[in-house]
Amino acid sequence: MITGVTKGFKYKMRFCYAHFPINVTSVKEGAKDIVEIRNFLGEKKVRRVELLDGVQYFRTADVKDQIEISGNDVAKVSLSCAQIRQATSVRNKDIRKFLDGIYVSEKTNVV
């Protein structure tokens with residue numbers, strides 16, 4: 001609890017794809033932030049994940065295909081990352097071959 005208030009939690013997530021590049025954007029609807037995932041496995045469907053209260057989305061400029069999810073509550077930050085990860089799970093295909101998705105690559109503190 002003290003670590004969250006003084007330093008904060010930051011999860012870095014990387015995009016993994018073989019052929020179709022994954023496009024991820026953040027949309028603000030009212031007071032809520034929504035992460036939109038497009039072109040996953042070449043599909044036209046737009047996957048939308050609503051971030052929890054107190055969780056911020058940041059697109060890393062220096063590293064290609066990486067986003068950062070940060071906040072004070074580790075449960076909300078990790079749950080938001082898990083929802084993004086589950087939105088890009090491959091269904092009805094061999095998961096040994098289709099490794100596309102968005103995965104957590106690093107867990108650190110903000111400061």
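Taking OG1 from T25 and OH from Y57, the interatomic distance works out to 6.5 Å, rounded to the nearest 0.5 Å.
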Test side-chain contact (heavy atoms from CB on, under 4.5 Å) applied to I37 and I84, step by step: CA-CA 9 Å; I37 303 163; I84 293 172; 4.3 Å; yes

Audit row: I34, V49, side-chain contact (heavy atoms from CB on, under 4.5 Å) steps and yes/no: CA-CA 6 Å; I34 296 176; V49 177; over 6 Å; no

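Side-chain contact between K93 and I95 is absent, with no heavy atoms from C-beta onward closer than 4.5 Å.
Heavy-atom minimum distance, C16 versus I22: O-CD1, 3.8 Å. Pairing each heavy atom of N39 with each of P21, the nearest pair is ND2-O, 3.0 Å. Residues S78 and A75 come closest through the heavy atom pair OG-O, 3.2 Å. What you find for Y11 and C81 is that their closest heavy atoms are CB-SG, 3.5 Å. The minimum heavy-atom distance between V90 and F40, with the atom names listed, is CG2-CZ, 4.0 Å. The two residues L51 and S80 have their closest heavy-atom pair at CD2-CB, 3.8 Å.
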Result block: side-chain N/O donor-acceptor pairs under 3.5 angstrom for residues 59-69, not counting sequence neighbours:
from	atom 1	to	atom 2	distance (Å)
R59	NH1	V24	O	2.9
K64	NZ	Y17	OH	3.3
D65	OD2	Y17	OH	2.8

Only distances under 3.5 Å count here; give the side-chain donor-acceptor pairs of residues 100-111 to other protein atoms, sequence neighbours excluded, each with its distance to 0.1 Å.
from	atom 1	to	atom 2	distance (Å)
D100	OD1	A18	N	3.3
Y103	OH	L99	O	3.1
S105	OG	K12	O	3.2

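Remark: side-chain polar atoms of R38 are not paired, donor with acceptor, to backbone N or O of N23 under 3.5 angstrom.
Ion pair E50/R48 not flagged as a salt bridge, since none of the NZ, NE, NH1 or NH2 atoms sits closer than 4.0 Å to an Asp/Glu carboxylate oxygen.
With sequence neighbours left out, the side-chain contact (heavy atoms from CB on, under 4.5 Å) criterion links K44 to no other residue.
Cluster membership for V74 and L79, using ILVMFWY side-chain heavy atoms within less than 4.5 angstrom, is shared.
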